[in-house]
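Report on one structure; see the data block that follows.
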Amino acid sequence: MRGRSSVGVVWGLVALLGTLLTGCQSPSGGVAEDGRLGDPTTGRTAQTATASPVPTRPSGFGAVFLAVGECSSFGTTSFTEVPCAGERAAARVAARHDGTVRDGPRCPATTDFVLHISEQRPASDEDGDGAVPQGYACMRNLQPPHPGDPGGGGGPRTIVGDCVYGSGDGQVRETACDGEGERKPQYKVVRAVTDRADCPAPTALYVRLGGKRPVGCARPL
């Protein structure tokens, strides 16, 4: 009697395992039209079928294309979202906004460059909403140099610590403070104030910075 009972239990477990394995097949993955990877094809076991759901996106990707904390490949006109730990990763998203730079919020002060994201409406994508809205991502390089740092000679914003030179017609352009840029620095922004009258005495140039303190007080070098 004991031997027959054991055999019945074994056959019951085999049948249950076969049922679970049959119902746990996953579809093939692919590459979405916005450059991000879909889910890879995986074979699941009976144990994973009864466990809590786990994220199906590869590590380093989020639900939003180039969301804050995600990384892009090299390039400012042609780029893809890539895992931050991968060898193709070049810069990380510091801030992400919909719309245009002109109409949207300002990037963080030490942003190295801005990626402009065109609106995309593919038939389907990995998020299931079928669209990537127009927007822009404020990027910070993973490795030096950082042109957005004070005195770095670049970046989308001019901030305190940056150097500029006169480009003619009353305009100034940013250049590296260490003199290693294409143009030598002539002035350095030493303070940001709300009004020109608040600048210190040695100020020789007023630079438009924008924001809550829109006036940059620059002294000659």
### Query
Are any non-hydrogen side-chain atoms of Ile117 and Phe79 less than 4.5 angstrom apart?
yes
#### Entry: Nearest heavy atoms of Cys71 and Leu66, plus distance in Å
O-CD2, 3.7 Å
### Main-chain N/O of Gly179 paired to Lys184 side chain as donor or acceptor, under 3.5 Å
yes
### Query
Do you know which two heavy atoms are closest between Pro200 and Arg191, and how far apart they sit?
CD-NH1, 4.0 Å
### Query
Does Arg106 CZ have over 12 foreign heavy atoms under 6.0 Å away?
yes
### Task
Flag the pair Pro147 / Asn141 as yes when at least one side-chain heavy-atom distance between them is below 4.5 Å, and no otherwise.
yes
### Task
For residues Ala176 and Gly181, report the shortest heavy-atom separation together with the two atoms involved.
CB-N, 4.2 Å
### Task
Is it possible for you to say whether Val160 and Val207 belong to one hydrophobic cluster, with membership spreading through side-chain heavy-atom contacts below 4.5 Å?
yes
### side-chain contact (heavy atoms from CB on, under 4.5 Å) evaluation trace for Tyr187 with Thr203
CA-CA 9 Å; Tyr187 306 90; Thr203 300; over 6 Å; no
### Query
Got a donor-acceptor contact below 3.5 angstrom from the Asp112 side chain to the Gly148 backbone?
yes
### Task
Only counting residues at least two apart or in another chain, list the ones meeting side chain to side chain donor-acceptor pair (under 3.5 Å) with Ser167.
none
### Message
Using 0.5 Å steps for rounding, measure from the CG atom of Leu115 to the OG atom of Ser72.
### Response
5.0 Å
## Note on the structure
Tightest non-hydrogen contact, residues Ser73 and Val82, listed as N-CG2, 3.9 Å
### Query
Does any non-hydrogen side-chain atom of Asp149 lie less than 4.5 Å from one of Arg140?
yes
### Query
Side chain of Arg92, backbone of Gly69: donor and acceptor closer than 3.5 Å?
yes
### Message
side-chain contact (heavy atoms from CB on, under 4.5 Å) for Arg213 and Asp198? Distances and angles first, verdict last.
### Response
CA-CA 11 Å; Arg213 296 183 176 181; Asp198 298 325; over 6 Å; no
### Message
Which heavy atom of Val215 sits nearest to which heavy atom of Arg196, and what is that distance?
### Response
CG1-CG, 4.0 Å
## Note on the structure
Distance col, row Phe113:CZ vs Met139:CE, nearest 0.5 angstrom, shows 5.0 Å
### Query
Are the side chain of Arg157 and the backbone N or O of Thr111 linked by a donor-acceptor pair below 3.5 Å?
no
### Query
CZ/Arg173 to CG/Asp162 distance, rounded to the nearest 0.5 angstrom?
14.5 Å
### Task
Apply side-chain contact (heavy atoms from CB on, under 4.5 Å) to the pair Leu205 and Val164, showing each step before the final yes or no.
CA-CA 10 Å; Leu205 181 71; Val164 298; 4.0 Å; yes
### Message
Measuring centre to centre across the rings, with the benzene-like ring taken for any Trp, is His116 within less than 6.0 Å of Tyr136?
### Response
no
### Message
Tell me the closest heavy-atom pair linking Gly161 and Cys177, and the distance in Å.
### Response
O-SG, 3.5 Å
### Message
Would a single hydrophobic cluster contain both Val172 and Leu209, if residues Ile, Leu, Val, Met, Phe, Trp and Tyr are joined by side-chain heavy-atom contacts under 4.5 Å?
### Response
yes
### Task
Give a yes or no on whether the backbone of Phe65 and the side-chain of Arg96 come within a donor-acceptor separation of less than 3.5 Å.
yes
### Query
Taking only residues two or more places apart in sequence, or in another chain, which ones meet Arg88 in a side chain to side chain donor-acceptor pair (under 3.5 Å)?
Thr80
### Query
Taking Thr175 for the side chain and Arg183 for the main chain, is one N or O donor matched with an acceptor at less than 3.5 Å?
yes
